[in-house]
Chemist: 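Please find one structure pasted underneath; my questions will follow.
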2 protein chains.
Amino acid sequence: MSSLSDLIEQYLRDLLEKRDSIEIQRRQLAQMFRCAPSQINYVLETRFTMEDGYLIVSRRGGGGYIKITRAHWHEDPDVLGKIKESVGNEITQEGMAALLRRLVRESMLEEKDSWLLWQVINHELENPVFPEEKKDKHRAILLRTALLVLCGRK
Amino acid sequence: MSSLSDLIEQYLRDLLEKRDSIEIQRRQLAQMFRCAPSQINYVLETRFTMEDGYLIVSRRGGGGYIKITRAHWHEDPDVLGKIKESVGNEITQEGMAALLRRLVRESMLEEKDSWLLWQVINHELENPVFPEEKKDKHRAILLRTALLVLCGRK
DNA sequence: AAAACAAAGGTCAGGAAAGGTCAGAAATGA
DNA sequence: TCATTTCTGACCTTTCCTGACCTTTGTTTT
């Protein structure tokens, strides 16, 4: 049996079939499906997460809206998981080098972008605010963030 | 859909597209959009701030006016330096929003990429490993890294 | 010259209109 | 049954917008 959440999900997915990005009004959508507005949040939280390949941006107040955008990961939903998994909670410089090579080999990253990433992250980590013993953690965080952004681009 | 503030903002931006500096009369503009004069101030305060790269000068009394001047960035030879500078050692979420808006306006970043960055960084900062009191520092680090990578390509 | 008036723009509290959060009830399925 | 998922309602935060009142500047009157 498909629940109301499933129906709302389907409705939004259909819209996103045609466009990369849609804008909705929570109140209006809730009225359309005769449910509580917070139901919309539930659907977004459970079915349109970053892991699912979607981005949500919203604004409150008069003229408020919720914008849903498909990220590039959407085409290969596993990319996000793969990146998170391969980077892990900590990563050494060698680990980063190996990962970047692999991503380039698998065409998930362009050569020049990987080089740029390497430069920027290494440079950033020279900042003395990063204590030596935590560098692997910070490297992981920086690398993950930058990769998610780069690979999420169209 | 889009609020009155959005419309007024758009109108002013269009004018600033052609000239770097414009002079308006609050009363007249308010009449044009059929709103309270203070609405104009609201738009200026929320959308034409210094962080956004605008300078506002005004004069009261008879023959009073409001002058809006827009600062440029993209012609600067050291854009990356400017970016580092504006990110600084710490940056609030609002500061990040303003900077992203500005980069988009200056065509140094695509709008989609700015959403992506926004989402990824906010998502990353939700990770409990980042203590609340250090979020502004971490936000700065993540934002700087990601922006240098994104804006440093080509 | 001083006072009064007129014509700008500035400030701020507060109401209205969005969306966000979260505990817990209700439904569902194993 | 009992764990999980769905759903709602009460309450919160953010954004928009107005109106009453204030300050500054220029002009006119006395």
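Every chain is numbered from 1 and lettered A, B, ... according to where its sequence line falls, protein lines coming before strand lines. Side-chain atoms are counted along with the backbone in the values below, which use heavy atoms only and exclude waters and symmetry mates.
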Chemist: Could you state the CD1-C1' distance from B/Ile8 to D/dC17, rounded to the nearest angstrom?
Modeler: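 Computing the B/Ile8:CD1 to D/dC17:C1' distance gives 10 Å.
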Chemist: State whether A/Arg60 places a side-chain N or O below 4.0 Å from either non-bridging phosphate oxygen (OP1 or OP2) of D/dC12.
Modeler: no
Chemist: Quick check: on DNA chain D, is the nucleotide nearest A/Cys35 upstream (toward 5') of the one nearest B/Arg47, or the reverse? Name the residue that is more 5'.
Modeler: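 Residue closer to the 5' terminus by nearest nucleotide: A/Cys35.
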Chemist: So, A/Glu126 and A/Asn122: side-chain donor and acceptor under 3.5 Å apart, yes or no?
Modeler: no
Chemist: Nearest of C/dG19, D/dT6, C/dG10 to any side-chain atom of A/Ile66?
Modeler: C/dG19
Chemist: Tell me whether the side-chain N or O atoms of A/Ser58 pair up with the base of C/dG20 as donor and acceptor below 3.5 Å, since no angle test is needed here.
Modeler: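 When only heavy-atom distances are counted, A/Ser58 does not reach the base of C/dG20 through any donor-acceptor pair under 3.5 Å.
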Chemist: When you check the side-chain N and O atoms of B/Arg26 and B/Asn41, is any donor under 3.5 Å from an acceptor?
Modeler: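 Distance-only check passes for B/Arg26 and B/Asn41.
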Chemist: Output the single nucleotide from D/dT8, C/dG9, D/dC16 whose closest atom is nearest the side chain of A/Ala36.
Modeler: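 Output: D/dT8.
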Chemist: Find the distance A/Asn41:CG to D/dG9:P and express it as a whole number of Å.
Modeler: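 My rounded result for the distance is 15 Å.
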Chemist: Give a yes or no answer on whether the side chain of B/Glu106 reaches the backbone of B/Trp73 with a donor-acceptor pair at less than 3.5 Å.
Modeler: yes
Chemist: Is any side-chain N of the basic residue among A/Arg47 and A/Asp6 closer than 4.0 Å to the acidic one's carboxylate O?
Modeler: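 Salt bridge present between A/Arg47 and A/Asp6.
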Chemist: Would you mind reading off the distance between B/Ile56 atom CD1 and C/dG10 atom P, rounded to a whole angstrom?
Modeler: 9 Å
Chemist: Picking from D/dG19, D/dC7, D/dG9, which would you name as closest to the side chain of A/Ser38?
Modeler: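 Of the candidates, D/dG9 comes closest.
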